[in-house]
Protein chains: 2
Amino acid sequence: MVTRRDVARLAGTSPAVVSYVLNDGPRGVAPATRERVLHAVDQLGYRPNRIASSLRTNRTMTLGLVVPDNTNPYFAELARAIEDVAFAEGYTLLLGNATDRAERENAYIQAFLDRRVDGILLIPSHDSVAAAAELARTGTPWVLMDRLLDLDGVPAVVLSDNRQGGRLATEHLIGHGRRRIACISGPRDVRNTSERVMGWRDALAATPLDPDAAPLREVPFDRFAGYRAARDILTRHDEIDAIFVASDEQALGVMRALGELGRTCPRDIALVSFDGVAASLLTTPTLSTIRQPVAALARHAVARILTQREEEPAPVETIVLPVELVARGSCGCPDVSDGVDYLDTEHEPA
Amino acid sequence: MVTRRDVARLAGTSPAVVSYVLNDGPRGVAPATRERVLHAVDQLGYRPNRIASSLRTNRTMTLGLVVPDNTNPYFAELARAIEDVAFAEGYTLLLGNATDRAERENAYIQAFLDRRVDGILLIPSHDSVAAAAELARTGTPWVLMDRLLDLDGVPAVVLSDNRQGGRLATEHLIGHGRRRIACISGPRDVRNTSERVMGWRDALAATPLDPDAAPLREVPFDRFAGYRAARDILTRHDEIDAIFVASDEQALGVMRALGELGRTCPRDIALVSFDGVAASLLTTPTLSTIRQPVAALARHAVARILTQREEEPAPVETIVLPVELVARGSCGCPDVSDGVDYLDTEHEPA
DNA sequence: TTGTAGGCGTTATCAT
DNA sequence: ATGATAACGCCTACAA
């Protein structure tokens, strides 16, 4: 391994000077020396050892991200957005998949802490975070994403306006003349989900349906669960003419169920879901959905961590970003029927 | 920050002994002392600093993974499988999204090398890997995954039997009585793709179609490209009655195109695709596909890296794993039509 | 069985 | 402007 020493020797100077050149400071270096150093670095193919540097500076230029399930397209897209902004800031991302299990979530947080990451972004799998105390103890900057939590000492939360999204979706269905609107939502111990349900209830006030008696299923965030819930609702409640689904993933399963039950979307059952993942453009009909501002969420979360490093106080704050209804085919709006629109569609999250 | 020193002081012993206890060696510790140390560790909530440890031992217990696009479900599932086995071995995964760009792929490899990861798993975005030389120079264990490469000094490659897969898929379509079978494949500079095309050509020998003249489109690995290619083929070649699509992602776009063009799948156009991602279970009809052995690929790749660390010689090897045809609705086999099968389906990769 | 000390490759301070 | 040198926290060979 080639170290700074070797470079210094070849350039006829001292190791410290090599650092000054490579780090542009904290002290100046004579142009001639600088030149010799740069040349030696090049010749030897020297690359500073970031481990040693981290030990010394207490910075790893690494961020840790824990997601409930990387295989879920929404988290995949969010992770990618986060990685993009982290990369642009010179950071590398450690990734942890909790696979929806608390122990694993915890194990990852510990692993990240042990590796002295500069910050942790956490999308919690459940309503509580076992490692929260540990997190607070070490003083590592962290933010909670996507979901609220009943927890003291959370420095910051970055999420979408879930309630507003649920309301927008449901109101839009009402605008299409639907009055019997069911809801398929995520597990009850995930807070963003109950917010979406509240939005749905808010909007239901304008319909004959009793918000407290309307069909509601709280099931896991995957297609299979969505599929099952839809079959269950539709076989029991014949009057239903629309469903608000709390995630695109679940909506995919719902569409499959509609097909099997001989119901046509949107004619018999209209649908609006939540998230706005790329896959929502590929169903038939295309999925109307509440788009979450993925890129903006990522930007805020990373920015928050980075500033937290520098300044001292770190005021507690909750950042709620607005969502947007994307009306396509599944709600009854015109579908993108001839490839033209479809071809030109930019599906980069805003 | 609490260090080993603090623990030693509280336990009334020396820092070295603390290490011996925590690492189970290399020397024994008297039971009584061990007890006191463990107690002190617990009381202080001490966690060893892995940065310091890494500097000393030259091991980071971290692996780097570079994928072309984490948003592609196949890579997401593969990444997850890799992470699973790495985690089980006590390793944490650094994730790099190349977003299909060579500079970014390169930047990530460099970033991983600088962080002294214990090994790198690389799914190359293109036909060449700029950082290959660097990789060889540092001696960091690495494996190539998913795609072959014309490259000297690649220590190991782990991939599926792409050609066999292409053949299986096409032969199955022929078994359904199809004779005019087009192919939508990945970009030409991605090698696994051309293998799949070769398999398709192999099987075409049993049909009236001239393998060299049969409709073939080589387009990017995303739905939109698949969509466009399908429209293009179907509007030009009226005789086509089946398509072998080189990835599930592209097949999703193909299905959308079929719908828009008024062709029914599988009646008018039968489809078999490649990868076997979870999403292939949710289309209507469900997608017949060549399933890649994701978990096995992950196991082999990680195992290879881990053994490479320990032993010296590291013989060059190419590990080709067999694929499997999953016959569902899109090829003309019975679809999973009433939820029962569907509900019980285990879609965990084998 | 236990304590001491050298060194991993940096960074940054202190003299020169 | 530059050269030496003391940490950073841990591991382990060596001496006691």
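Only heavy atoms go into these numbers, but all of them, side chains included; no hydrogens, no water, no symmetry mates. Throughout, a chain's letter reflects where its sequence line sits, starting with A, and its residues are numbered from 1.
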Kindly say if [X] contacts the phosphate of [N], meaning a side-chain N or O under 4.0 Å from OP1 or OP2.
| X | N | answer |
| --- | --- | --- |
| A:Y46 | C:dT10 | yes |
| B:S14 | C:dG3 | yes |
| B:T57 | D:dC11 | no |
| B:T13 | C:dG3 | yes |
| B:T33 | C:dT2 | yes |
| B:N23 | D:dC11 | yes |

Please say whether the positively charged group of B:R4, taken as NZ for Lys or CZ for Arg, lies over the ring of B:Y46, i.e. under 6.0 angstrom from the six-membered ring centre and within 45 degrees of the axis.
->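 Geometry flag: not set, cation outside 6.0 Å or 45°.
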So what does B:P15 touch, heavy atoms closer than 4.0 Å: a base, only the sugar-phosphate, or nothing?
->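 The answer is nothing, as B:P15 stays clear of every strand by at least 4.0 Å.
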Check every strand shown and say whether B:A30 touches a base, only sugar-phosphate, or nothing at a heavy-atom separation below 4.0 Å.
->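 Sugar-phosphate: the residue B:A30, judged by heavy atoms under 4.0 Å, touches backbone atoms but no base.
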Strictly below 4.0 Å, N to O, side chains only: are [X] and [Y] in salt-bridge contact?
| X | Y | result |
| --- | --- | --- |
| A:R137 | A:E134 | yes |
| A:D84 | B:R104 | yes |
| A:D127 | A:R147 | no |

